[in-house]
Amino acid sequence: MKYLDEFRNPDLAQTILSRIRSLTTRPWVIMEICGGQTHSIIRNGIDQILPEEIELVHGPGCPVCVTPLETIDKAIAIAGRPDVIFTSFGDMLRVPGSHKDLLMVKSEGGDVRTVYSPLEALQIARENPHKEVVFFAVGFETTAPGNAMAIHRAQQEGLTNFSELVSHVLVPPAMEALLSSPHNRVQAYLAAGHVCTIMGWEEYEPIARKYQVPIIPTGFEPVDILEGIYLAVRQLETGRHEVENQYARSVRREGNRPAQELVARVYEIAPRKWRGIGEIPASGLRIRDAYAAFDAEKKFFVDDIQVQEPETCISGVILQGLKKPPQCPAFGKECTPQTPLGATMVSSEGACAAYYRYQRLAPETV
Amino acid sequence: MTDFPETLSCPVPILDHDTVQLAHGAGGRLSAQLIEKLFLPRFGNDTLNRLEDQATLTLPSGRVSFSTDTYVVDPIFFPGGNIGELAVNGTVNDIAMNGATPLFLSVGFVLEEGLPLETLHRILVSMEAAAKRAGVQIVTGDTKVVNKGTCDQLYINTSGIGVVPEGVHLSAARCEPGDQVLLSGTIADHGMAVLTSRKGLSFQSRVHSDTAALNHLVEALLEVCPRIHALRDPTRGGVATTLNELAAASRVGIQLRGDSIPVKPDVRGACEILGIDPLYVANEGKLVAVVPGSEAEAVLTAMRSRPEAREAQIIGEVVSDHPGTVTMTTGLGGRRIVDMPIGEQLPRIC
């Protein structure tokens, strides 16, 4: 399949791997930001074939994992209303709230539907004028333009029965929060290629300079990731710290300007809670007052729901790259994908779920 | 496959109604009309035509295999098939996976009031064709009609009986280290055909269900290698689930070669777009065979000589390491676990 097979080519991967080996002289810690990259690394066993000096730590870039418990509880409260059709991307449905998940709301009679695009939710709103249709707008900068487009179109069409429960998060503030932590171990970042496709990489340049870390916008296939690691190691070994684009087939420096403008028109930057990490200033998006009629939190009066995260789970430490999933005492015991204690075990993008699914065997038998 | 010529050659019989009425399931005149005009012309045979409350059968000697399954697929017509032929092929395959020769089926319908009789007729025509291809007779049946809104168009239950030939002993618990694991063709065709034809997915695909009866393939394989250890059709949960079940039942490990599992390009594309792993997607016309290593090549050749298994591959081997666990070597030389799925596969956000 074009654009996939080339980037999964084992021979090419081995060539890049041997270049990484010949370049590496000392230990380096590299964080891949995005859960999609974590999934690809573990699924393809990339962490097993790298030189042992290179440690990959898994970043907070899984939108399902970082959506705070209280947002899930808000979604559950809205989805349970008889006048509501609640729409969401599939992988949010199984994330446990304080007492249940959205699939349980569905089994109790709630109208909860999986959609593949916010515009599909908009279509459901057009077809069901007597129902309130709510879309669970979760994600990083990648999904924000589509979600903004849905609200923009709803306003243009005068659709009054559509709204979004927004829990959008932004990557650069989280990167800075991790780098400025006294426990930080990260020496270079693989930035998320699809986020950079929308946002470009201008906003990463001050971070690379301030914290002296190489930042490599990187794709998701094995060859992409290995090339991203190669570029990061090459900078680290030569003392450079720049933004260097691996994902050139998709990412331009300025990003996708029309998409950025649409996002800025509908949403504004706001503080946002991250599950397992806490509130990070200016790290999320919320709906602007001009579009308040499409804000489900205001429409259904759930903006006062507040929930404390349980303390049993170390997903916050995992999301900051300070520990690996198997280092958690609950991993694979009390905490499995069937009985997740934290969101990193729920989403298939989550670091704990990726380890559980693909690398549960003891290292000596793998 | 649902062939239009079959439908065209069998015009819908003229009945008092165009749609299913509650009275069609009430046992009176309309029930009799449904049986005589729709069911018997399609399924009729000496046993069924007697219209007794039961089928009385004479079976060849040997051990009897008996299986049942209920079909609720949505949508009822999908690219490459429909709920009717799925119901025939599915139960035929469940029986055949024990090495048995499927002989007789029962068919139970739950019909939603208001279902167009033309729709029912199309489904019956394809069931007739599927039964003919598999060489089985439908010998008893039942029809119930439920109020509109209490079922989704129609559900079908089929049960079947087959006889196991002498000397054939297949079981999920018989896999042994050194055995080779064979797969009869491309995976994920059925599940992706159904998923991509559901309302709400805005891309068009050329993905077709692989629904097919596998009993003739099984006969051919047993002829070449009567000592096959295990056969399974990887339906719900896909190949990954089937292999995990085999590994658990036999207390062995299974080691797959990641690059050896065939997936059609369109199916792969649909899976990539939706973020779904084809290893976990349902198949309705494929089987996994676990055979002694020394006979793997002969079985593979036998598979590939048949139209239902042209793209068969050896996909891995049974090992004594990591009992109960399925692993896969990756193209890059790493290794990973292929786990049981947790719940339904859900498309990812990004």
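Every chain is numbered from 1 and lettered A, B, ... according to where its sequence line falls, protein lines coming before strand lines. Note that the coordinates shown come from a computational prediction; the quantities given were computed from them, not determined experimentally.
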Whether over 12 other heavy atoms sit under 6.0 Å from R236(B) CZ: no

Proximal component of I42(A), with respect to chain B [non-hydrogen, under 4.5 Å]: backbone

T330(B) and R8(A), any side-chain heavy atoms less than 4.5 Å apart: no

Spacing of CD1 belonging to I49(A) relative to CZ belonging to R335(B), to within rounding of 0.5 Å: 14.5 Å

D47(A)/R336(B) salt bridge by N-O under 4.0 Å criterion: no

Part of R113(A) lying under 4.5 Å from any heavy atom of chain B: neither

K131(A), NZ: over 12 other non-hydrogen atoms inside 6.0 angstrom: yes

Min side-chain heavy-atom separation L332(B)-Q48(A) under 4.5 Å: no

Listed partners of E317(B) passing salt bridge (Lys or Arg N to Asp or Glu O under 4.0 Å), at least two apart: none

Atom pair CD1/OH of I337(B) and Y356(A) - distance to nearest 0.5 Å: 8.5 Å

More than 12 heavy atoms of other groups within 6.0 Å of R251(B) CZ: no

From CZ (R357(A)) to CE (M340(B)), nearest 0.5 Å: 12.5 Å

